[in-house]
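In what follows, chains are A, B, ... by sequence order, proteins preceding strands, each numbered from 1.
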Protein chains: 2
Amino acid sequence: MSERDTRGELLDLAEKLVRTRGYNGFSYRDLAGQIGIKTASVHYHFPTKGDLGEAMVENERELFARNLARLDAEEKDPQRRLERFIQLFQASTIGCDNRMCLGAMLAVEQETLPEPVRRAVLRLFEHNEAWLAKVLEEGREQQTFRFKGPADGAARFVFSALEGALLMARAFRDVGRFEAATRWIIESLSD
Amino acid sequence: MSERDTRGELLDLAEKLVRTRGYNGFSYRDLAGQIGIKTASVHYHFPTKGDLGEAMVENERELFARNLARLDAEEKDPQRRLERFIQLFQASTIGCDNRMCLGAMLAVEQETLPEPVRRAVLRLFEHNEAWLAKVLEEGREQQTFRFKGPADGAARFVFSALEGALLMARAFRDVGRFEAATRWIIESLSD
DNA sequence: GTCTATAAGATGATAGAC
DNA sequence: GTCTATCATCTTATAGAC
C-alpha cells in the first residue's frame, strides 16, 4: 500500500474526498489542512489536480487487480466469486463512510475532468466488466448461472445494476436498498 | 413551461449545466455569460445557489408529474407504460446532449448540497418509484409481469438499474449500453 | 520535502444607481 | 430587472528560501 508517506496519505485523503464530495467538491486547501501541511507542499507531490486524479485512478486499478487476484485464488465457485465481488464493492463504498465508487463519481463528472483521467476511468470499468464476464461465463458452463447471449452483455448489466443500486442506496443512506438490489441481480441470473 | 422569461432561461440553462457538469461544475458566471446578463442579475432571480438548486428540482418534479399524467392517459397497458417511461428517461438524458438524470447528479454530490435540495431529490426519486410500483403491480395482476414480493421492491430495482445503466452508458458515450440494459431489466420481469 | 510569499483568476454574494 | 462596483474568500499554481 502507500499509507505511511505523505504522498500516500494525500492519495488516500483525496480518494476519500472525491468519493464523498466529488472531484469538484474539494480543493488542495482541504487536503493540506486535513493532513497538516501547506498547499504548496501538496503541489510538490501532485503538480496539478489532474495529476492527482490520474494517480488516484491508477491506485484504484492496482487495488482492484490485487483484490480480484486474491479472490480468484481463494474462491473457485462462480456463484461465490460473484457474491464476494459484490461484498468487496459494498464494503468499499456504502460500507465505508457511505462513499461512492471512485469510477462512478469521476464518470458522472467526466465533462469537467482532464481527458487522461476520463480514459483511466473507462479502463477501470472495463477491467471490472472483464472479470465479471469471466466469472459469469464459468457459472453458465457449470449451470449455476442462466442467461442469454455473450457473457459480456450479462457482465455489463450486472455491473451497471450494482452502480445504480449504490447510487440509490447512498442517496437514501440505506444499505438495505443495496442489499435488496443485489438479491434481484443474482436472482435474474438463476431463473 | 418557463422558457421565455429570463428566470425560465436561467432555470433551463442551470439544469443543463448541472446535468452535464454537476452542481459544483458551473458558476453564476457561466449562467450570466451564456445568457448575456451580469452575475448580479442572476442573483436577483436566485439569491443563492441553493435557491437555484431547489427551484430546479421543483421544476423537474412538476415536469415529471405532467409527463406521467399524460402517459397514464395515453397508455393503459402496463408493459407499454413501462416502455414509455424508459423512453422518456432515455430521451431526457443520454438522448439529450448525453445529460445525466438531474436527481442522480445531485444525489451523487449530496454531501456538498444544501439540505433542502437533498430532500427535494429524495422526494423526486420517491415519486418515480411510486409510479413504477403502481405500473408493475398492475402488470403482475394482468400476468404480463412476474416478480416476487411487494411491487415497491421491484420498482426500486427497476429504477436503480436504469440509473446505473444511464451512468455507464453516459461514461462510455454509448446509447447501445443503455438499450441493452433496458432489455435485461424488462426481461427480468417476465421470466 | 516543506515552507513563505505571491500571483491571477474564479466564486458566491451585496449595495446602490438607473 | 439589470447594471456597475465592490467584497471577502477560495482556487490552482509558481518562485525561491530553508
Side-chain angles (χ1 to χ4, degrees), chain A residues 1-57 59 105-106 109-118, chain B residues 1-18 20-57 59 105-106 109-118 120:
Chain A
M1 327 287 162
S2 47
E3 263 90 16
R4 281 283 74 87
D5 51 347
T6 305
R7 191 192 136 93
E9 270 185 80
L10 281 169
L11 226 35
D12 288 348
L13 177 58
E15 198 200 308
K16 176 186 167 176
L17 288 173
V18 170
R19 290 171 60 173
T20 49
R21 308 180 50 89
Y23 185 82
N24 297 311
F26 79 100
S27 70
Y28 270 42
R29 202 175 170 240
D30 298 320
L31 293 173
Q34 285 181 52
I35 288 210
I37 55 177
K38 300 292 169 178
T39 62
S41 308
V42 181
H43 279 284
Y44 166 79
H45 295 282
F46 303 100
T48 74
K49 208 181 176 183
D51 294 327
L52 177 57
E54 279 188 76
M56 273 175 35
V57 185
N59 209 37
M105 184 62 94
L106 293 173
E109 292 179 293
Q110 56 169 316
E111 303 280 342
T112 68
L113 300 182
E115 258 300 293
V117 179
R118 196 197 154 236
Chain B
M1 325 283 165
S2 46
E3 262 91 18
R4 281 282 77 83
D5 50 346
T6 305
R7 191 192 137 93
E9 271 186 80
L10 280 170
L11 226 34
D12 288 349
L13 177 57
E15 197 199 310
K16 177 186 167 177
L17 288 172
V18 169
T20 49
R21 309 180 49 89
Y23 185 83
N24 297 310
F26 80 100
S27 69
Y28 271 41
R29 202 172 168 245
D30 298 320
L31 293 173
Q34 286 181 52
I35 289 211
I37 54 176
K38 301 292 168 177
T39 63
S41 308
V42 182
H43 279 284
Y44 167 79
H45 295 283
F46 303 99
T48 74
K49 209 181 177 184
D51 294 326
L52 176 58
E54 279 188 77
M56 274 175 35
V57 184
N59 209 39
M105 185 60 95
L106 293 173
E109 293 179 293
Q110 55 169 316
E111 303 280 342
T112 68
L113 300 182
E115 259 300 293
V117 180
R118 197 198 153 236

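- Proximity of A:H43 to the phosphate of D:dA15: no side-chain N or O atom is located under 4.0 Å from OP1 or OP2.
- The side-chain tip of B:K49 points at the ring of B:Y23 from less than 6.0 angstrom away and within 45° of straight on.
- At C:dT2, none of the side-chain N or O atoms of A:S41 fall inside 4.0 Å of OP1 or OP2 (strictly under the cut-off).
- The phosphate of C:dG12 (OP1 or OP2) has no side-chain N or O of B:T39 nearer than 4.0 angstrom.
- The side chain of A:T6 places an N or O atom within less than 4.0 Å of a non-bridging phosphate oxygen (OP1 or OP2) of C:dT2.
- Rounded to the nearest 0.5 Å, atoms CD1 (A:I35) and CG (A:L10) are 4.0 Å apart.
- Of the inter-residue distances, the one linking B:E111 atom CD with A:R21 atom CZ reads 7.5 Å to the nearest 0.5 angstrom.
- Across the protein-nucleic acid pair, A:I37 atom CD1 and C:dG1 atom C1' stand 9 Å apart, rounded to whole Å.
- Closest approach of A:F46 and A:Y28 over heavy atoms only: O-OH, 2.7 Å.
- Look at OH on A:Y44: it is 18 Å from P on D:dG16, rounded to the nearest Å.
- Atom C1' of nucleotide D:dT2 and atom CZ of B:R7 are separated by 17 Å, given to the nearest angstrom.
- OP1 and OP2 of C:dT11 both lie 4.0 Å or more from every side-chain N or O belonging to B:Y28.
- Atom CG of A:L52 is separated from atom P of D:dA13 by 10 Å (rounded to the nearest Å).
- Between the CZ atom of B:F46 and the C1' atom of C:dA13 there is a distance of 16 Å, rounded to whole Å.
- Considering only side-chain N and O atoms, B:K38 lies nowhere under 4.0 angstrom from the phosphate OP1 or OP2 of D:dT2.
- Note: CZ (A:R29) to P (D:dT9) measures 10 Å, nearest angstrom.
- Here C:dA10 presents its C1' atom at 12 Å from NZ of B:K49, a figure rounded to the nearest Å.
- Put simply, B:S27 has no side-chain N or O that comes within less than 4.0 Å of OP1 or OP2 on C:dA10.
- Taken to the nearest 0.5 Å, the CG atom of A:D12 stands 11.5 Å off from the CG atom of A:L31.
- Atom-to-atom, CD1 of A:I35 to P of C:dG1 comes out at 14 Å; the value is rounded to the nearest Å.
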